[in-house]
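To start, the structure itself, in structure tokens.
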Amino acid sequence: MGKVAFVFPGQGSQFVGMGQTLSEQSEAARSIFQQADEALGFSLSGLCFQGPEEELKLTANTQPAILTASIAVLAAFREQRPDFTPDFVAGHSLGEYSALVAAGALSFADAVKTVRARGQFMEEAVPAGEGAMAAVLNLDRAELHAVCEEVTAAGHPVQLANLNSPGQIVISGSAEGVKQAGEKAKAAGAKRVLPLNVSGPFHSSLMSPAADKLHGVLAGVTVADAKVPVVANVTARPVSEAAVIVDSLVKQVSAPVLWEDSVQWMVEQGVTTFVEIGPGKVLSGLIKKIAPAETTILSVQDGESLTELLNGGKVC
């Protein structure tokens with residue numbers, strides 16, 4: 001049997017109502033939401049279950065909310081299959097914190113407080129309107145990198161931010177840099193350039209102030225060696241040692257998310273089943289564009305999909 005990877009979603013997968021039915025069905029999932037409320041000092045569970053959506057979409061709320069919803073699903077799974085351990089874990093941007101909790105490198109309470117701070121630092125790093133992000137479709141990575149280098153050299157910083165799948169790369173930087181790079185990308189043959197509705201230029205050099213502040217927070221958090229290899233965003237390779245994990249998390253704030261490379265590496269290591277754990281199916285869609293056609297890709301975000309996973313025999 002092939003290897004199994006658990007993967008965890010990042011920002012953008014949130015929706016009002018996430019985790020509510022599962023918390024009603026699973027004591028373990030309900031406990032995770034209770035722990036989040038206690039750790040943060042406000043009702044994150046209420047925000048996840050009832051909204052309002054505008055509050056949930058704020059980065060400082062979205063990040064702990066998605067982490068909590070994801071770990072609640074994982075807790076419900078472990079309630080039923082306590083002895084099962086995946087071969088690898090990985091997460092997209094924020095999702096890397098969920099992966100680290102799953103790997104035993106971070107406690108849930110520390111993780112939820114850290115990503116709350118991370119979201120606040122990212123919101124504060126660049127004044128509203130000065131940064132931007134855009135998805136560029138169907139342009140070669142090297143060509144788009146060259147475009148970004150040209151625009152940056154002219155004084156408008158922009159860089160590759162999320163290398164999501166073949167034909168989908170997100171660029172990030174100053175509003176003018178993203179605008180100019182988008183225009184040049186279309187002139188170079190990009191099929192489409194789609195501006196993203198985000199609050200800041202994530203995974204760009206403009207996030208360096210947030211990375212510096214995050215380093216200070218992580219210095220006060222207990223990070224252990226991972227019990228399962230965590231495929232890091234910044235290298236697309238596994239990390240296990242605590243010091244390396246901290247370094248990767250700090251760099252990740254302003255460095256590109258190498259998601260396509262991460263999935264390809266896991267496939268090369270023999271992973272034949274990917275299980276997306278948490279709200280939405282964004283990563284499942286990306287993995288379908290990266291992994292071989294025969295790869296099993298499963299998504300678990302509620303009681304119904306968890307039952308399908310447990311009874312399907314494809315994981316455990």
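Start at 1 with the first residue, then count along the sequence. These numbers were taken from a predicted model, which means no experiment stands behind them. Side-chain atoms are counted along with the backbone in the values below, which use heavy atoms only and exclude waters and symmetry mates.
Here the closest heavy-atom approach between residue V231 and residue W265 is recorded as CG2-CZ3, 4.0 Å. Across all non-hydrogen atoms, the minimal contact from E79 to A28 is OE2-N, 3.3 Å. Contact record, S98 with S70: OG-CB, 3.9 Å, taken as the closest heavy-atom pair. The nearest pair of heavy atoms linking L249 to L214 is O-CD2, 3.7 Å. Taking all atoms of both residues into account, the shortest heavy-atom contact from I169 to L139 is CD1-O, 4.1 Å. Between V89 and A99, the closest heavy-atom pair is CG2-O, 3.5 Å.
Remark: side-chain polar atoms of H203 are not paired, donor with acceptor, to backbone N or O of S254 under 3.5 angstrom.
By the 4.5 Å heavy-atom criterion applied to side chains, F274 and V267 are counted as neighbours. F8 has its side chain out of reach of L94: every pair of non-hydrogen atoms, C-beta onward, lies at least 4.5 Å apart.
Residues D37 and S45 have side chains that bring a donor and an acceptor to within less than 3.5 angstrom of each other. Under the 3.5 Å distance criterion, with hydrogens and angles disregarded, no donor-acceptor pair is assigned to the side chains of Q63 and T59. Side chain to side chain, H92 and N164 meet the donor-acceptor criterion of an N or O pair below 3.5 Å. A donor atom on one side chain and an acceptor atom on the other are found under 3.5 Å apart for E276 and S284.
Once rounded to the nearest 0.5 Å, the distance linking CG of L67 with NZ of K113 reads 13.0 Å. Here CD of E96 is found 10.0 Å from CG of L106. Values are rounded to the nearest 0.5 Å.
The residues K186 and E183 are annotated as not salt-bridged, no charged nitrogen and carboxylate oxygen being separated by less than 4.0 angstrom.
Residues satisfying the side-chain hydrogen bond (donor to acceptor under 3.5 Å, both in side chains) criterion with Q120, sequence neighbours excluded, are absent altogether.
For H145, the NE2 atom counts as loosely surrounded, since its 6.0 Å shell holds 12 or fewer non-hydrogen atoms of other residues, nucleotides or ligands. By the neighbour-count criterion of 12 heavy atoms within 6.0 Å, atom NZ of K184 is sparsely surrounded, having that number or fewer from other residues, nucleotides or ligands. Heavy-atom contacts from other residues, nucleotides or ligands closer than 6.0 Å to CD of E53 number 12 or fewer.
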Stepwise side-chain contact (heavy atoms from CB on, under 4.5 Å) test for L22 and R30 = CA-CA 8 Å; L22 188 63; R30 184 164 56 254; over 6 Å; no

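Residue pairs satisfying the salt bridge (charged side-chain N to carboxylate O under 4.0 Å, His left out) criterion with at least one member in residues 257-273, sequence neighbours excluded, are listed as follows: R141-E260, R141-D261.
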